[in-house]
*Asks:* 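First, the structure itself, so that you have it in front of you.
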Amino acid sequence: MAELKIYNSLTKQKEVFTPITPGYVGMYVCGPTVYSDVHLGNCRTFISFDIIYRYFKYLGYKVRYVRNITDAGHLEGDRDEGDDKFSKKARLEQLEPMEIVQKYTLGFHKVMELFNNLPPTIEPTATGHISEQIEMVKHILQNGYAYEVDGTVYFDVEKYDKEKPYGILTNRKLEELLEGTRTLSGQDEKKGRLDFALWVKAKPEHLMQWPSPWGMGFPGWHIECSAMSGKYLGTKFDIHGGGMDLAATHHTNEIAQSEACYNVNPANYWIHTNMLTVNGARMSKTAGNGFLPGELFTGSHPLLEKAYAPMTVRFFMLQTHYRSTLDFSNEALQAAEKGLKRLWEAYQNLEQLQQQAQELSDTASDTETDRRCRAFIEGFDTSMNDDFNTAKVLANMFELVPIINSFKGGQIPLNYINRATFDLLQKQFSTYLTDIFGLKEEKVADSGRLDSVLQLLIQIRKEARARKDFATSDKIRNELQREGILLKDEKDGSVSWNII
RNA sequence: GGUCCUGUGGCCGAGUGGCUAGGCAGAGCUCUGCAAAAGCUCGUACAGCGGUUCGAAUCCGCUCGGGACCUCCA
């Protein structure tokens, strides 16, 4: 197996991936908070990790992929008068908090399915792991890195930092962080300005609360990921992932919690995906510039000129490396749409050539073409092994497209390559497109009946052309085109059609 | 203010110290009754200024521009 290199945010360099247990990968990815619809930026992260998950499987690893659902009430701000997100939204919509959770969890799953993301192998919820979180808080208290104030438990960042660097993930010193912290309004029961809550005391009217050794309350912002990753992957596992925005606080605190509790950094490799931007600014819930997947698929967003299919968006994302920002625009999306279409046509051409390829011999009649094809195909794995460089794989695929199309169109004889090369080409083209990149062809509804109707029209047109009645033949083609159906006269005299 | 990232041809975007990614758009040609599709050919880009080097878009420094994080957010 070739070496896979992954950029590790912890060490700021690419490292060869070595699993803790040979043949197995444990991966934890921070999932969504289900109090509103996921926007496209969220989707980008989950699509990126879906590709990573799929690639590990392709490499033959058995992967345990854990992605949580955050459904426990977290404070809005760093003050105890803050409402929790779920009860706030619940009052707004006159629903129980768990109804909100259910609604948006289902919505999230639906979106993931539309993007053809594979489900994680375990999808734990924070509310389902309250006791695990309480246990972990107890441990941290016992180890002396936390303190309780009137039913709320805080993590003692300054004490922790004396023994282990707190800002290790984002390369920051405690003094710098302290300077950057804003002065908080209201009375502050925390000892240190950077201290964060592990457990929060709930007011009586608070809708989501659970009993604990410190009274009724709910878990803090970061403890759920620590508790659930520890439970399902062990206190030390291979990969922890999430969006870059989580590194500075959420992941920094996760590391501190695990170190304080188990004396380990939970993950060997930290992978952070970059942000999706709109007009150069980050897409986010609070900025209000978020695109909802639904708005994209229907084209109902004011900034969109038309609707884009889920697979177009997925492909669009694959054209950029996961650690680069990606800017969202109509032009870029339209380019992606056309590019993907071209890829699918080459893919179909390859399938059609299969019959002909049966007769290929073991020797290629043009070793140069054969060699080039092999080099491009072998480049797929090489590029993926270099920190999952999907953009480079696609570039190689596009290099192969004119070659494949020329086999089909007859510009290049198929026997320029040998049988083994053809088989490899077809196998890898298909594997990458569908299994690793997770792309699928958009279905045309009721194509069976439509096809027989079209075959009739194609036949009539053919007869018209035979007697040089081009007025009739062009009328058929033009009228169909107006209805969104494109006829193509192939080289061999046959006629094919597709939906524009 | 602090910590980082980034600036590539009309647009989107890979990228290794030397062998000019790729996509979209555009131009010409071939094929075609005409189209469409497909194929072929074409643009020699790397913010600016210095430096290191035989050689830099790629390394270093400075300047200018853009962005992220430091506050819930993938």
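Note that the structure is a prediction, hence the values are computed from the model and not measured. Numbers restart at 1 for each chain; the letters A, B, ... are given by sequence-line order, proteins then strands.
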*Asks:* Using the P atom on both, measure B:G15 against B:U6 and round to a whole Å.
*Replies:* 10 Å
*Asks:* Picking from A:Gln257, A:His251, A:Glu254, A:His250, what satisfies side chain to side chain donor-acceptor pair (under 3.5 Å) with A:His222?
*Replies:* A:His250
*Asks:* Enumerate all atom pairs, one protein N or O and one N or O from nucleotides 4-9 of chain B, separated by less than 3.5 Å.
*Replies:*
{"unit_1": "B:C4", "atom_1": "OP1", "unit_2": "A:Asn171", "atom_2": "ND2", "d": "3.2"}

*Asks:* Shorter than 3.5 Å, N or O on both sides, protein versus nucleotides 40-46 of chain B: list them out with atom names.
*Replies:*
none

*Asks:* Between A:Gln426 and A:Glu351, is any side-chain donor less than 3.5 angstrom from a side-chain acceptor?
*Replies:* no
*Asks:* A:His251 has an atom NE2; how far is it from atom P of B:C73, in whole Å?
*Replies:* 9 Å
*Asks:* Between B:U8 and B:A21, how many Å separate the two P atoms, rounded to a whole number?
*Replies:* 15 Å
*Asks:* Salt bridge or not between A:Glu337 and A:Lys306? Use side-chain N to carboxylate O under 4.0 Å.
*Replies:* yes
*Asks:* Is A:Asp474 side chain donor-acceptor paired with the B:G33 base, going by distance under 3.5 Å alone?
*Replies:* yes
*Asks:* Considering only atom P, compute the distance from B:G39 to B:G22 and round it to an integer number of Å.
*Replies:* 14 Å
*Asks:* Return yes if a side-chain donor-acceptor contact under 3.5 Å exists between A:Ser324 and A:Asn274, otherwise no.
*Replies:* no
*Asks:* Using the P atom as the point on both nucleotides, what is the distance between B:G13 and B:G7, in whole Å?
*Replies:* 11 Å
*Asks:* Cut-off 3.5 Å, side chains only: do A:Asp238 and A:Tyr28 have a donor facing an acceptor?
*Replies:* no
*Asks:* In whole Å, I'd like the distance from the NE2 atom of A:His222 to the C1' atom of B:C73.
*Replies:* 12 Å
*Asks:* Is there a donor in the side chain of A:Asn385 and an acceptor in the side chain of A:Tyr55, or the other way round, less than 3.5 Å apart?
*Replies:* yes
*Asks:* Taking atom C1' in both B:G28 and B:C49, what distance in whole Å separates the two?
*Replies:* 40 Å
*Asks:* Considering every strand and a 4.0 Å limit on heavy-atom distances, what is the contact class for A:Phe470: base, sugar-phosphate, or nothing?
*Replies:* base
*Asks:* Looking only at atom P, what distance separates B:G26 and B:G17, rounded to whole Å?
*Replies:* 36 Å
*Asks:* Ignoring hydrogens and geometry beyond distance, is the side chain of A:Arg44 in donor-acceptor contact with the base of B:A74 at under 3.5 Å?
*Replies:* no
*Asks:* Just to be sure I understand the geometry, which residues of residues 111-121 of chain A put a non-hydrogen atom under 4.0 Å away from RNA chain B?
*Replies:* none
*Asks:* Does atom NZ of A:Lys468 have more than 12 heavy-atom neighbours from other groups under 6.0 Å away?
*Replies:* no
*Asks:* For atom C1', what is the distance between B:A14 and B:U52, given to the nearest Å?
*Replies:* 27 Å
*Asks:* Between the base of B:C24 and the side chain of A:Arg342, is there a donor and acceptor pair under 3.5 angstrom?
*Replies:* no
*Asks:* May I ask you to verify if any side-chain N or O of A:Ser324 is less than 4.0 angstrom from the OP1 or OP2 atom of B:A14?
*Replies:* yes
*Asks:* Do the side-chain N or O atoms of A:Asn405 get closer than 4.0 angstrom to the phosphate oxygens (OP1, OP2) of B:A37?
*Replies:* no
*Asks:* Return yes if the base of B:C34 and the side-chain atoms of A:Asp489 contain a donor-acceptor N/O pair under 3.5 Å, otherwise no.
*Replies:* yes
*Asks:* For the residue pair A:Trp270 / A:Asn265, report whether a side-chain donor-acceptor contact shorter than 3.5 Å exists.
*Replies:* yes
*Asks:* Between A:Asn117 and A:Tyr53, do the side chains contain a donor N or O and an acceptor N or O under 3.5 Å apart?
*Replies:* no
*Asks:* May I ask you to say what A:Leu276 touches in the nucleic acid, namely base, sugar-phosphate or nothing, with a heavy-atom cut-off under 4.0 Å?
*Replies:* base
*Asks:* Considering just the side-chain nitrogens and oxygens of A:Lys338, establish if one lies under 4.0 Å of OP1 or OP2 belonging to B:A25.
*Replies:* yes
*Asks:* Take atom CD of A:Glu345 and atom C1' of B:A37, then tell me their distance rounded to the nearest Å.
*Replies:* 7 Å
*Asks:* Have a look at A:Ala248 and say if it touches a base, only the backbone sugar-phosphate, or nothing, with a 4.0 Å heavy-atom cut-off.
*Replies:* sugar-phosphate
*Asks:* What is the distance from CD of A:Gln319 to C1' of B:A21, rounded to the nearest Å?
*Replies:* 12 Å
